[in-house]
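Below, each value reflects all heavy atoms present in this structure, side chains not excepted, and no hydrogens, waters or symmetry copies. In what follows, every chain begins at residue 1, and chains take the letters A, B, ... in the order their sequences are listed.
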Amino acid sequence: MLSEARVEAIEWSFDALYKKNNIPPWFLELLHTYGKERRLIGHGIFFSLFSGRWSAEQEQWLRHLRQVATLYNFDHVTEHFGFMTGKDFHSGAPLSIPYTNSTLALGRDRLARIQDACGLPVGLENLAFSYTADDVKRHGDFLEQLVSPVNGFIILDLHNLYCQLHNFSLPFDDIVRLYPLQRVREIHISGGSWEPAKTSPGKKVRRDTHDNGVPAEVFELLKTAIDICPNLKYVVLEQLGSGLKTGISRQQFYKDFLQMQEIVAAKNSNADHLPYNTFLPAKLLLSHPLADEQLYTQQMELSNILETAACYEEALHALCTSSLANTAWEVERWEPYMLETAMNIAQKWKKKD
Amino acid sequence: MELSKALLGAILLGIAVQTTSCKKDKNLPTPANPNGTPVQVEENHDPCPACGLG
């Protein structure tokens, strides 16, 4: 795809190379080449935006971002919504948090620090995972409240949305209107996998595992979404390297890229406007990092339960007798199959000792 | 976006073992190791969590 000059921009997860001692020179040259044309975008993974406690690792993450943003010419920088379940900084997976005034303030504080470090437009990606249908319905509004103080933007990950629609039997038209569509600057598409739910026989949970081709339904969502996102600038196809080991999977990835490119080209030829929001904020004032010790304690307790529970019943019992019981987490309302999925995700990405 | 032949050649050299999906241009520099030793490609055995955390 690169040799055919098909790739118009690349997204780099700048915090994902922590295990690499030697970065190949060609890779750095590739970053510089796209950066010089302002076609390089940064996508963080490990900042853990909603961790209740401010950590030394987050300080280091911001220092690293400041460095790479100086070295490479990003057009914008994004992170994931949620907090990392792992006990240390580079393990676990991002899971949701309760939508409260405290978590809103925490998220705004962290987002402002990311913007301060990179000096660029900053954005957040919608989650693929929720515990209840009500969480799905409230997610868009909470994202809007989070990013508005930094005039930030949203990555609308359509496969994430596809997961939510399927897992909670919700219609796309109803849910997508609950997102701040004027703040969508980037769209992601990808594939995923189905996982049978032991707690709900016959039900399959859709997971955003990025190890398969893009479903036809997601391409249809892309066609619709482009028309309703007036500030859209990037469409990104995501795929795990581990899902590209066979010739068939590589051909499918290539085919998916071509299909995405055709859709975007057709929409571009009919576009009658350019994005009007720069997503740059007015001057931000930073004070001491916010912290919420109670939230931190609850997160650690939740992570431990998800990572160690042997079965759904054990996890449910532990949650209902934990500090999360009868709080804004509303663990009593979590769908059994989504708690089971949260356990699967946390245990998949738990750091091996 | 057009990339230089030199950069494309360097990428091919770097990922020659894994890449098959790109259509190779006959005019590209042939991947070659300057001292004749086998190319060392560093493998990442950890599934990349950059995406697909779901």
Asn212(A): side-chain hydrogen bond (donor to acceptor under 3.5 Å, both in side chains) partners, not counting sequence neighbours: none

Phe27(A) portion near chain B, given a 4.5 angstrom heavy-atom threshold: neither

Test item: Leu7(B) and Leu2(A) side chains (from C-beta on) under 4.5 Å apart, heavy atoms: no

Contact class of Leu95(A) relative to chain B, heavy atoms under 4.5 angstrom: neither

From CA spacing to verdict: side chain to side chain contact (heavy atoms under 4.5 Å, CB included), Leu30(A), Leu3(B): CA-CA 9 Å; Leu30(A) 188 66; Leu3(B) 299 182; 3.8 Å; yes

Heavy-atom proximity to chain B below 4.5 Å, by part of Arg39(A): side chain

Value rounded to 0.5 Å, distance of CZ in Arg6(A) from CD in Glu2(B): 11.5 Å

Residues forming a side-chain hydrogen bond (donor to acceptor under 3.5 Å, both in side chains) with Tyr234(A), sequence neighbours excluded: Asp75(A)

Region of Glu37(A) in contact with chain B, defined by heavy-atom distances below 4.5 Å: side chain

Distance-minimising heavy-atom pair for Trp26(A) and Ile11(B): CE3-CG1, 3.5 Å

Contact class of Ser190(A) relative to chain B, heavy atoms under 4.5 angstrom: neither

